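Read the structure below first, then the notes.
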Amino acid sequence: MSYTFIGKLNEAFELLNKIIVEVIASQWQVTPHSCATVIEKSILDEIDFFKKLPSIPFHVIPHSQEGNEEQTTGKWVLNPSTCYHTFNCLRNQPEHWILKCFTALGHCHRFEPRRNDLTRLGCFSMREFVFVGDSESVASSADKAFDLIINLIERCGLKIQKEIATDVFYGDDSAAIRKVQRILEVKIEAVVIGPQELPVSVGSRNLHRDLFTATFNIGDPTLQEKMHSACVAFGMERLLLCLLAIVPDNCPIKLIEILESSKSNFNE
């Protein structure tokens with residue numbers, strides 16, 4: 001694989017990420033924030049992340065703590081998702097607002113030994129938008145943002161469909177809970193129909209309700225109505241490779257042209 005191909009593929013990645021952010025920023029005031037590669041495991045333990053998901057944590061020791069392995073082992077893990085940095089940044093804020101949108105691009109790491117899906121990556125980039133505010137504004141904004149990005153993807157030439165899914169974070173693994181989740185449509189996935197009709201999930205919209213705002217103590221505790229949150233997230237490598245697959249000869253230069261064209265058409 002030539003350096004030119006890799007360079008142009010990286011350029012396409014950056015362009016795709018930029019366009020997605022610009023599309024959402026055209027509708028909402030978006031607050032960007034950084035997303036570190038590591039996160040304290042205690043933050044994930046608060047929401048039982050590793051108990052609920054079939055993922056084994058990647059334990060790490062920060063360079064500044066070398067020589068103190070006994071004190072640091074198990075305290076830090078490689079970041080498995082982007083929004084937990086968002087919620088941790090908002091922790092213990094007693095404000096109450098109608099709607100705010102936060103975004104970050106994070107490098108996520110997940111080791112899921114029970115998964116048998118070859119399209120799942122142990123390390124991947126996630127662009128995520130987190131909406132926090134009153135329940136109605138959060139739900140409607142997340143739906144609109146999800147549809148805007150799907151519309152952008154379709155303009156690039158991909159076939160994509162929305163599918164109602166379930167998520168273990170919103171209840172246990174029982175059939176009854178999952179049935180309720182489907183009825184309430186708490187999780188919707190964006191599924192690309194790839195080469196040889198292979199379905200590939202490239203993103204999702206998740207309604208958290210007050211799960212994370214309550215856990216991280218976000219909002220005015222004196223108010224009866226609690227703030228809600230929702231996220232819209234896309235796996236950038238999956239999306240990029242699906243787009244590359246529809247370009248003649250898998251040419252990243254042609255993909256860049258398609259992305260630039262879709263951006264121009266979207267703004268018209």
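Everything numeric in this text was worked out from a predicted model, so none of it was measured.
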TODO: Check whether any side-chain N or O of D220 sits under 3.5 Å from a backbone N or O of T222 as a donor-acceptor pair, and report yes or no.
DONE: yes
- [ ] Kindly say whether L244 contributes a backbone atom to a donor-acceptor pair with the side chain of N250 at under 3.5 angstrom?
- [x] yes
Distance-only criterion, 3.5 Å: show the donor-acceptor pairs between side-chain atoms of residues 137-145 and protein atoms not counting sequence neighbours.
residue, atom, partner, partner atom, Å
S137, OG, D134, OD1, 3.0
S137, OG, D134, OD2, 3.1
S140, OG, E136, O, 3.0
S140, OG, S137, O, 3.2
S141, OG, W28, NE1, 3.3
S141, OG, S137, O, 2.8
D143, OD1, R205, NE, 2.8
D143, OD1, R205, NH2, 3.1
K144, NZ, Q27, OE1, 3.1

Open item on the list: Test of understanding: with salt bridge (Lys or Arg N to Asp or Glu O under 4.0 Å), list the residues that count as partners of R91, not counting sequence neighbours.
Closed with: E46
TODO: Find the distance between CD1 (I20) and CG (L16) and round it off to the nearest 0.5 Å.
DONE: 4.0 Å
Open item on the list: Would the distance check show the side chain of S201 and the main-chain N or O of E189 forming a donor-acceptor pair, the cut-off being under 3.5 Å?
Closed with: no
Open item on the list: Has W97 got a side-chain atom pairing as donor or acceptor with M227's backbone, closer than 3.5 angstrom?
Closed with: no
Task: Partners meeting salt bridge (Lys or Arg N to Asp or Glu O under 4.0 Å) with D45 (sequence neighbours left out) - done: K41
Open item on the list: How long is the straight-line distance from OG of S261 back to CD1 of I256, given to the nearest 0.5 Å?
Closed with: 13.5 Å
Task: Test ring pair (Phe, Tyr, Trp, His ring centres under 6.0 Å) applied to F234 - qualifying residues, sequence neighbours left out - done: F146
Open item on the list: Does atom NE2 (H107) have a neighbourhood of more than 12 heavy atoms from anything else shown, all under 6.0 Å?
Closed with: no
TODO: Measure across P80 and C108 and return the closest heavy-atom pair with its distance rounded to 0.1 Å.
DONE: O-CB, 3.5 Å
Open item on the list: If I take atom CD1 from residue I19 and atom CG from residue L259, how far apart are they, to the nearest 0.5 angstrom?
Closed with: 5.0 Å
TODO: Check whether more than 12 heavy atoms from other residues, nucleotides or ligands sit under 6.0 Å from atom NZ of K254, and answer yes or no.
DONE: no
TODO: Check for a donor-acceptor pair, side chain of T215 on one end and backbone N or O of L211 on the other, with a separation under 3.5 Å.
DONE: yes
Task: Counterpart residues, salt bridge (Lys or Arg N to Asp or Glu O under 4.0 Å), relative to K159 (two or more places apart) - done: E197
Open item on the list: Testing the basics here: between T82 and C35, what is the closest heavy-atom pair and its distance to 0.1 Å?
Closed with: CG2-SG, 3.9 Å
Open item on the list: Looking at K263 and E260, is any side-chain nitrogen of the basic one under 4.0 Å from a carboxylate oxygen of the acidic one?
Closed with: no
- [ ] Give the ring-plane orientation class for F216 versus F212, where under 30° counts as parallel, over 60° as perpendicular and anything between as tilted.
- [x] tilted
Task: Euclidean distance, R238 CZ relative to F124 CZ, rounded to 0.5 Å - done: 8.0 Å
TODO: Answer yes or no: is there a donor N or O on one side and an acceptor on the other, between the side chain of E128 and the main chain of C83, under 3.5 Å?
DONE: yes
Task: L15-I253 co-clustered via ILVMFWY side chain contacts under 4.5 Å - done: no
Task: Nearest non-hydrogen partners of N79 and A36, listed with the distance - done: CB-O, 3.6 Å
- [ ] Sequence neighbours left out, what pairs pass side-chain hydrogen bond (donor to acceptor under 3.5 Å, both in side chains) with at least one residue falling in residues 29-40?
- [x] H33-T86
